[in-house]
Amino acid sequence: MLLLVLTLLSLVGPLATDMYLPAFPRMTEEFGAGAPALQLTLTSMVAGLAVGQLVLGPLSDRYGRRLPLLAGAALACATSALCALAPSIPALTGLRFLQGLSVAAGVVISRAVVSDLADGAAAARMFGILMALTGIGPIVAPPAGALISELYGWRGVYVALAVLAAVSFLGVLLAVPESLPRRRRQAGGVAGSLRSARRMLSDRGYLGYTLAFTFAFGALFCYISASQFVLQNVLGLGVGEAALVFGGGAVIVTLSASANAVLVARVSAERLLAAGLTGLVVSTAAQAVITVAGGLSLPVALTAVVCFSVSLGLVFANATALAVGRVPYAAGAGSAVLGTLQHALAAVVAPLVGLGGDHDAVAMAVGMALMSALALAALGLARSRGHDLVPA
C-alpha cells in the first residue's frame with residue numbers, strides 16, 4: 001500500500017505534464033495563440049516543480065516527510081481545480097506554476113522516503129519498481145487526456161487532475177507513516193539545507209550522477225514538448241494515433257525499468273547506467289542526422305522512440321539511486337537538488353524546442369541528441385571522484 005501511494009504521489013506530476021498535450025493544437029485555436037505560448041504553460045509548471053523541490057525537499061529533512069506530503073497534495077487539488085477555470089493563456093501559465101509547486105512535494109519526497117527505507121542495490125531495485133509503476137502515467141496520460149478533451153474539452157483534464165490529487169491526499173493520510181525519525185532530521189531549516197546542498201555539489205560522484213539524470217531528462221523533455229506537433233503536423237498522425245505512439249514509448253520505458261529492477265541484483269547499477277546512456281546517444285544521434293538530412297519518416301521515428309525508451313528505463317532508476325545514495329545524511333536535499341536541476345533544465349528546453357515552430361522536427365531531434373551526449377559526458381565526472389568530500 002505504501003508503494004502504491006508513493007507511486008500515485010509521483011504520478012500526479014507527470015500526469016499534469018502529459019495529459020493536456022494531445023489538446024495542444026486545439027488549445028492554440030481556442031486561445032488564438034501559437035505553439036510557443038502553449039509550451040510556456042508547460043515551462044511554467046516545470047519551473048514550479050523545480051522551485052518546489054528545492055524548497056520542499058530540504059524542508060522534509062527538517063520537519064519530516066508526512067506533513068509536506070499532505071500540504072502538497074491539498075494544494076495540488078486546489079490549483080488543478082483553478083486551472084480548469086483559467087480564462088486565458090497568461091492566467092493558465094501562472095496557475096500552472098503554482099500547480100508545479102504543489103505536485104513537487106509528491107515527486108521529491110517520495111524519492112526521499114525510498115532512500116529512508118533502503119540503500120545500495122536494494123534502493124536501486126525499489127526505485128526501479130517505483131519508476132516502473134510511475135511509468136503507467138505517461139502510458140495512460142495521452143490517450144486519457146485525448147479522450148477527456150474530446151468529451152469535455154481541455155478543462156476536463158484539470159478536473160480529473162484535481163480528483164487524483166484529492167485521492168493522493170487521502171492515501172498519504174491513511175497509508176504513509178513518517179519515515180524520518182526526529183533523531184535523523186536536519187537542523188537549521190532551509191538555510192541549513194542549502195549548506196548541505198553546497199556540500200553535496202562538491203561531491204563529484206553525486207554531481208555526475210545527478211547531471212547524467214538531468215540531461216537524460218532534458219532529452220526526454222525535448223521529446224515531450226514537441227512530439228505532438230511532430231507526430232501530428234509533420235508525420236500526419238491523428239490525435240489518437242499520436243497519443244498511442246507517445247503512450248507506447250512509455251510502455252517500453254516501464255518494461256525496461258522493470259527489467260532493470262531484476263538486473264540490478266546481478267549487474268552493477270553503474271554498468272546499467274552506462275549502457276542506458278550509450279543507447280541514448282546512439283539512438284538520438286542517428287535520429288538527428290536523418291532528420292537534418294530530410295529523411296524523417298514514421299518508421300524512422302518509431303524506431304527512434306523504441307530505442308530511446310529502452311535506454312531511458314536503464315538510466316533514471318540507476319542514476320537516482322547512485323546520486324541519492326552518495327548523500328544519505330540529507331536524502332531530502334539530495335533528491336531536491338536532483339529534481340530542481342532536472343526541471344530547471346526542462347523549463348529552458350521546452351521554449352527553445354518550440355522556436356522550431358509547429359511543423360518542424362529538427363529542433364526536437366537536435367535537442368535530444370545534444371542532451372543525451374551531455375548525459376553520457378556527466379558519467380565521466382561521476383567516475384573521477386578523487387577529490388570528493390567524505391560525508392559525515
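All residue numbers in this chain count up from 1 along the given sequence.
Looking at Arg111 and Val107, their side chains come closer than 4.5 Å, going by heavy atoms from C-beta outward. Contact check for Phe316 versus Leu220: side-chain heavy atoms found under the 4.5 Å cut-off. Side-chain contact check for Asp360 versus Val234: every heavy-atom pair is 4.5 Å or farther apart. Contact of the Met45 side chain with the Phe97 side chain is not registered, since no non-hydrogen atoms from C-beta on lie closer than 4.5 Å. Side-chain contact between Leu151 and Leu147: present, with at least one pair of heavy atoms (C-beta onward) separated by less than 4.5 Å. For the pair Met19/Tyr158, no side-chain contact is recorded, criterion being any heavy-atom separation below 4.5 Å from C-beta on. Phe213 is not listed as a side-chain neighbour of Val315, based on a closest heavy-atom distance of 4.5 Å or more. Proximity of Leu4 to Leu8: side-chain heavy atoms (C-beta onward) are nowhere separated by under 4.5 Å.
In this structure, Leu244 CG and Leu237 CG are separated by 9.5 Å, a value rounded to the nearest 0.5 Å. Atom CG of residue Leu231 and atom OH of residue Tyr223 lie 5.5 Å apart, to the nearest 0.5 angstrom. Distance check: Ser168 OG to Leu9 CG gives 5.5 Å after rounding to the nearest 0.5 Å. Taken from CG in Asn260 to CG in Leu255, the straight-line distance is 12.5 Å, to the nearest 0.5 Å. The structure places CD of Gln99 at 10.0 Å from OG1 of Thr41, a figure rounded to the nearest 0.5 Å. Taken to the nearest 0.5 Å, the OG atom of Ser372 stands 11.0 Å off from the CZ atom of Phe215.
Transitive grouping of hydrophobic side chains (ILVMFWY, heavy atoms separated by less than 4.5 Å) brings Leu381 and Leu273 into a common cluster. Clustering ILVMFWY residues whenever any of their side-chain heavy atoms sit less than 4.5 angstrom apart, transitively, puts Val12 in a cluster other than the one holding Val167.
A donor-acceptor contact shorter than 3.5 Å is absent between the side chain of Tyr20 and the backbone of Leu15. Side-chain N or O atoms of Gln53 include one that pairs as donor or acceptor with a backbone N or O of Leu49 at under 3.5 Å. A donor-acceptor pair is defined here as one N or O able to donate and one able to accept, closer than 3.5 Å; such a pair exists between the side chain of Thr93 and the backbone of Ile89. Proximity of a side-chain donor or acceptor of Arg96 to a complementary backbone N or O of Ala16 within less than 3.5 Å is detected. Using a distance-only test at 3.5 Å, with no hydrogens or angles considered, a donor-acceptor pair links the side chain of Thr278 to the main chain of Ala274. Remark: side-chain polar atoms of Gln232 are not paired, donor with acceptor, to backbone N or O of Phe229 under 3.5 angstrom. Without hydrogens or angle criteria, Ser60 side chain to Gly57 main chain gives a donor-acceptor distance under 3.5 Å.
In terms of heavy atoms, Gly156 sits closest to Ile148 at C-CG2, 3.4 Å. Across all their heavy atoms, Ser149 and Ala146 have their closest contact at OG-O, 3.0 Å. Across Gly276 and Leu314, no two heavy atoms sit closer than the pair CA-CB, 3.9 Å. Closest heavy-atom contact between Ala216 and Ala375: N-CB, 3.7 Å. Here the closest non-hydrogen pair linking Leu56 and Ile109 is O-CD1, 4.3 Å. Smallest separation of non-hydrogen atoms from Arg326 and Tyr209: CG-CD1, 4.4 Å.
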Quiz: residues 290-305 side-chain donor-acceptor pairs under 3.5 angstrom, not counting sequence neighbours:
| unit_1 | atom_1 | unit_2 | atom_2 | d |
| --- | --- | --- | --- | --- |
| Thr291 | OG1 | Gln287 | O | 2.7 |
| Thr303 | OG1 | Pro299 | O | 2.9 |

Tell me, with the steps shown, if Cys83 and Leu92 meet side-chain contact (heavy atoms from CB on, under 4.5 Å). CA-CA 6 Å; Cys83 283; Leu92 181 61; 4.1 Å; yes
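Taking the six-membered ring wherever Trp is involved, the centroid distance between the rings of Phe217 and Phe221 falls below 6.0 Å.
With Met371 as the fixed residue, the side chain to side chain contact (heavy atoms under 4.5 Å, CB included) test singles out one of Thr284, Leu280, Leu345: Leu345.
For residues 65-74, the set of pairs meeting the salt bridge (Lys or Arg N to Asp or Glu O under 4.0 Å) definition, not counting sequence neighbours, comprises Asp61-Arg65, Arg65-Asp116.
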